[in-house]
Amino acid sequence: MNTSMMASFLVLLLAFPCVFATDYTVGDANQWTQGIDYTTWTSGKTFKVGDNLVFKYGGTHQVNEVDESDYKSCSSSNTIKNYNDGDSKVPLTKTGKIYFICPTTGHCSAGMKLEVNVVAASTSPTPSTTPSTTPSTPSSETNSTSPSPPKDSGAVSVSNGVGLFMGSLFVVLGFMG
């Protein structure tokens with residue numbers, strides 16, 4: 001590869017910044033269950049387009065995506081999407097608020113509901129450093145003294161950026177071949 005081709009390749013790579021996505025396990029170690037304050041769980045977190053919500057739950061629970069009205073009234077009569085496999089990964093694909101409830105009778109009205117505000121993705125990663133502050137709700141997030149991120153704490157994955165990078169690489173190499 002000559003110098004000008006190498007320089008062109010590097011410029012191309014800089015034009016396509018990597019986008020980082022985060023998987024958030026809803027409720028952290030407590031997961032999707034009764035007795036969790038999900039409003040507190042969302043505080044301090046920034047959910048971005050490209051991130052994923054991961055709901056882990058037992059057989060007595062489900063996850064229904066609903067509109068704001070059904071969220072407030074704990075109604076699943078107009079469910080947008082239902083998840084019931086016990087380990088549901090929900091991609092955040094657009095900005096704005098998104099609402100989830102457990103449709104099992106009495107669960108939503110007892111607090112098993114989640115409102116998430118999704119913002120536009122940025123091109124640079126902004127890792128969350130705010131640990132959960134609710135003493136009665138154990139969290140898998142830890143402070144900065146932890147040597148490595150705990151399992152399911154919103155660890156960053158680079159799937160979106162890697163695909164873009166690899167696509168760019170194949171285009172450049174194709175032109176050189």
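This structure is a prediction, so every number in the text was calculated from the model and none was measured.
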Side-chain touch [X]/[Y], heavy atoms, less than 4.5 angstrom:
X: Thr93; Y: Val49; result: no
X: Asn52; Y: Val90; result: no
X: Val66; Y: Ile80; result: no
X: Asp70; Y: Lys72; result: no
X: Val26; Y: Gln31; result: no

Donor-acceptor side-chain pairing of Ser88 and Asp85 below 3.5 angstrom
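Indeed, the side chains of Ser88 and Asp85 share at least one donor-acceptor pair under 3.5 Å.
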Any side-chain donor-acceptor pair under 3.5 Å between Ser77 and Ser75?
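There is such a pair (donor and acceptor under 3.5 Å, judged by atom type) between the side chains of Ser77 and Ser75.
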What is the distance from atom [atom1] of [X] to atom [atom2] of [Y], rounded to the nearest 0.5 Å?
X: Thr104; Y: Gln62; atom1: OG1; atom2: CD; result: 6.0 Å
X: Asp23; Y: Leu92; atom1: CG; atom2: CG; result: 9.5 Å
X: Ser69; Y: Asn78; atom1: OG; atom2: CG; result: 8.0 Å
X: Thr42; Y: Asn117; atom1: OG1; atom2: CG; result: 9.5 Å
X: His107; Y: His61; atom1: NE2; atom2: NE2; result: 5.5 Å
X: Glu65; Y: Lys81; atom1: CD; atom2: NZ; result: 8.0 Å

For Tyr83, enumerate each residue passing the ring pair (Phe, Tyr, Trp, His ring centres under 6.0 Å) test, keeping only those at least two apart in sequence or located in another chain.
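Tyr83 satisfies ring pair (Phe, Tyr, Trp, His ring centres under 6.0 Å) with no other residue.
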Any chance you could lay out the ring pair (Phe, Tyr, Trp, His ring centres under 6.0 Å) test for Trp32 and Phe100, step after step, and finish with the verdict?
CA-CA 11 Å; Trp32 182 242; Phe100 301 93; 7.6 Å; no
Is there less than 2.5 Å between the SG of Cys74 and that of Cys108?
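The sulfur gammas are closer than 2.5 Å, so yes.
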Considering all heavy atoms, the nearest Thr95-Val119 contact
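Closest heavy-atom pair between Thr95 and Val119: CG2-C, 3.7 Å.
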Mind listing the closest non-hydrogen atom pair of Lys113 and Ile101 along with its distance?
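Residues Lys113 and Ile101, closest heavy atoms: CB-CG2, 3.9 Å.
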Return yes if some donor-acceptor pair links the side-chain N/O of [X] with the main-chain N/O of [Y] below 3.5 Å, else return no.
X: Tyr57; Y: Asn84; result: yes
X: Asp37; Y: Thr39; result: yes
X: Tyr99; Y: Glu68; result: no
X: Asn64; Y: Cys102; result: no

Can you classify the ring geometry of Phe47 versus Trp41 as parallel (below 30°), tilted (30 to 60°) or perpendicular (above 60°)?
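Phe47 and Trp41: tilted rings.
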Same apolar cluster: Val118 and Leu53, side chain cutoff 4.5 Å
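Yes, it is one cluster - the side chains of Val118 and Leu53 are joined through contacts under 4.5 Å.
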Are Ile36 and Met112 linked, directly or through other ILVMFWY residues, by side chains that come within less than 4.5 angstrom of each other?
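Both belong to a single hydrophobic cluster.
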Both conditions, 6.0 Å and 45 degrees, for the charged tip of Lys89 above the ring of Phe55: are they met here?
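No, Lys89 and Phe55 do not form such a contact.
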Decide, yes or no, whether a salt bridge links Glu115 with Lys97 under the criterion of side-chain N to carboxylate O below 4.0 Å.
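Salt bridge present between Glu115 and Lys97.
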